[in-house]
Protein chains: 2
Amino acid sequence: MINKNSPIPLYYQLEEHIKGLIENGELSPGDALPPEREYAEKYQISRMTVRQAFTQLVNEGYLYRLQGKGTFVAERKIEQPLQGLTSFTEDMKARGFTPGNKLIKFEIIPATSQIAGQLKISEYEPVYEIKRIRLADGVPMALETNYISANLIKGLTEQIANQSLYGHIEEHLNLRIESASQVIESSSASQNEAKLLKIANGAPVMHIQRNTYLHDGTPVEFVKSVYRADRYKFMIQMKR
Amino acid sequence: MINKNSPIPLYYQLEEHIKGLIENGELSPGDALPPEREYAEKYQISRMTVRQAFTQLVNEGYLYRLQGKGTFVAERKIEQPLQGLTSFTEDMKARGFTPGNKLIKFEIIPATSQIAGQLKISEYEPVYEIKRIRLADGVPMALETNYISANLIKGLTEQIANQSLYGHIEEHLNLRIESASQVIESSSASQNEAKLLKIANGAPVMHIQRNTYLHDGTPVEFVKSVYRADRYKFMIQMKR
DNA sequence: GAGTGGTCTAGACCACCCC
DNA sequence: GGGTGGTCTAGACCACTCC
């Protein structure tokens, strides 16, 4: 199970092993895990290394510890929308729909003051403006407009916009998206929104604004979305 | 700064010390911290203990690490709604309003099948049903109905319902609320909702359903809220 | 008292960054 | 090459739970 000659850290190997046991059902919610000292001896690793693996799993919500009693498998997290920081594509798949895209705008424009403020850049700096209709099983679900600093994220193409923006940013540019803030409000569809979403003028919609940030707080993008309220519920999980 | 004779763990003392430096502005976003080894020597503690403090602060979003370069102060988290798991009272204070309450129902009822399902108890088991109008600066902002298992949380009174439910649960019953899931949707106010919120019949509202859980996954409560959409935006922060 | 997790030490070597 | 964080060891003692 644990390979000391692997370049993969020992604590990470143990972490994945335990995660596997939980996901396979070999460990069920409420079950006690073998004590830390037992793992250490069994795999001939230090207890601190076992603790590092356990601590990670506790932070991720797989386990919980009770002092003096032991370490236990946590209740399965309910219909988890992956802590919230998901792309539209991931979100729709998790809900059992087939996601789709219709690109309706892909331009580089000078930043307006609102965009510049959100992205913490100067006015008139170049930004990508990408407007897409988001489909679920072929039906319009949302209207999404992304603003991304062209000086920070280079080499975006229509091709990429039709596939995975996040994938491109994280894999090809080696930038890690770390956090996001969202503001959600209810309102009524404007004429243009109604037309693109194929809903009635004035029908209820949810406006969602999302700002995403790198680990050092640099804004990566700023997204305005309009979801049709008759088909979309926003789900979020939180830990204290 | 670090007191070895204190019963407070060393890593925690260091953590609070650094957090203080950041909040006082003695350390600014982007600043590099002294290296781990320097802290270890300065306070005569082990490097592993320093790392434990740093790791916590990284997880809490105060710091970030770059291998080979150092540890840095993260950008200030934007208008943070405290990771989301806040009470109405905390939420309104953070937004600069004076929160208020108007209790309109406080009963013990037998659980309906919906309530039983959400709280994972049996049908007809006793539950508290607490209905309140939530005010901001004296104006109705939301309608909130809590369902709490009377067998799990004992001794609730109208008095407590008018103050702090969470406070009572966490302090007096020694139960830690660990996580929550929320579902948010847009709709239109029913006649009754409109009347209680003093808005027009059919005006846009946000329905928010929240389920809260203990660390082992036991459901603590189940809350249905109706917020008036003209005055309320839902804000949420997420980490990947 | 035995067993559990919580804290802590004093080292070690590795991987990565920058000069 | 020197400095940084990343991983890891083999112990130690403490606090808490349960019998």
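A note on names: the letters A, B, ... follow the listed sequences, proteins ahead of strands, and every chain is numbered from 1. All values derive from a computational prediction rather than experimental measurement.
Between the CE atom of A/Met48 and the P atom of C/dA12 there is a distance of 17 Å, given to the nearest Å. When rounded to the nearest whole Å, the span between CG of B/Leu33 and C1' of D/dG5 equals 13 Å. The distance from atom CD of A/Gln56 to atom C1' of D/dG6 is 13 Å, rounded to the nearest whole Å. Atom CD of A/Glu41 is separated from atom C1' of D/dA10 by 13 Å (rounded to the nearest Å). Between the C1' atom of D/dT7 and the CG atom of A/Leu14 lies a distance of 14 Å, rounded to the nearest Å. Atom CD of B/Gln44 is separated from atom C1' of C/dA10 by 11 Å (rounded to the nearest Å). We find that CZ of A/Arg65 is positioned 8 Å from C1' of C/dG6, with the value rounded to whole Å. In this structure, the CD atom of B/Glu38 is 18 Å from the P atom of D/dG2, given to the nearest Å.
Distance from the side chain of B/Arg51 is smallest to D/dT7 among D/dT9, D/dT7, C/dG5. Residue A/Arg47 places its side chain closer to D/dA12 than to any other of D/dA12, D/dC8, D/dA10. For B/Glu36, the listed nucleotide lying nearest its side chain is D/dG5; candidates were D/dG5, D/dT9, C/dT9. Here the nucleotide nearest the side chain of A/Pro35, chosen from D/dT9, C/dG5, D/dG5, is C/dG5.
In terms of modelled atom types and a separation under 3.5 Å, the side chain of B/Gln13 and the main chain of B/Asn3 share a donor-acceptor contact. Put simply, the side chain of A/Tyr62 never gets that close to the backbone of A/Ile22: no donor and acceptor are under 3.5 Å apart. A donor-acceptor pair is defined here as one N or O able to donate and one able to accept, closer than 3.5 Å; no such pair exists between the side chain of A/Glu125 and the backbone of A/Ser149.
A ring-ring contact (aromatic ring centres under 6.0 Å, His included) with B/Phe222 is found for one member of B/Tyr213, B/Tyr128, B/Tyr147 and no other, namely B/Tyr147.
Using cut-offs of 30° and 60° on the angle between ring planes, the pair A/Tyr43 and A/His17 is perpendicular.
OP1 or OP2 of D/dT9 sits under 4.0 Å from a side-chain N or O of A/Thr49. For A/Ser46, no side-chain nitrogen or oxygen approaches OP1 or OP2 of D/dC8 to under 4.0 Å. Between C/dT7 and B/Tyr11, a contact under 4.0 Å exists linking OP1 or OP2 to a side-chain N or O.
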Sequence-aligned protein contact record of nucleotides 14-19 of chain D, with B where the base is within under 4.0 Å of a protein heavy atom and S where only the sugar-phosphate is | -BBSS-

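Across all their heavy atoms, A/Ala111 and A/Glu123 have their closest contact at O-CG, 3.6 Å.
Taking the six-membered ring for Trp and the full ring otherwise, the centers of A/Phe54 and A/Tyr39 sit less than 6.0 Å from each other.
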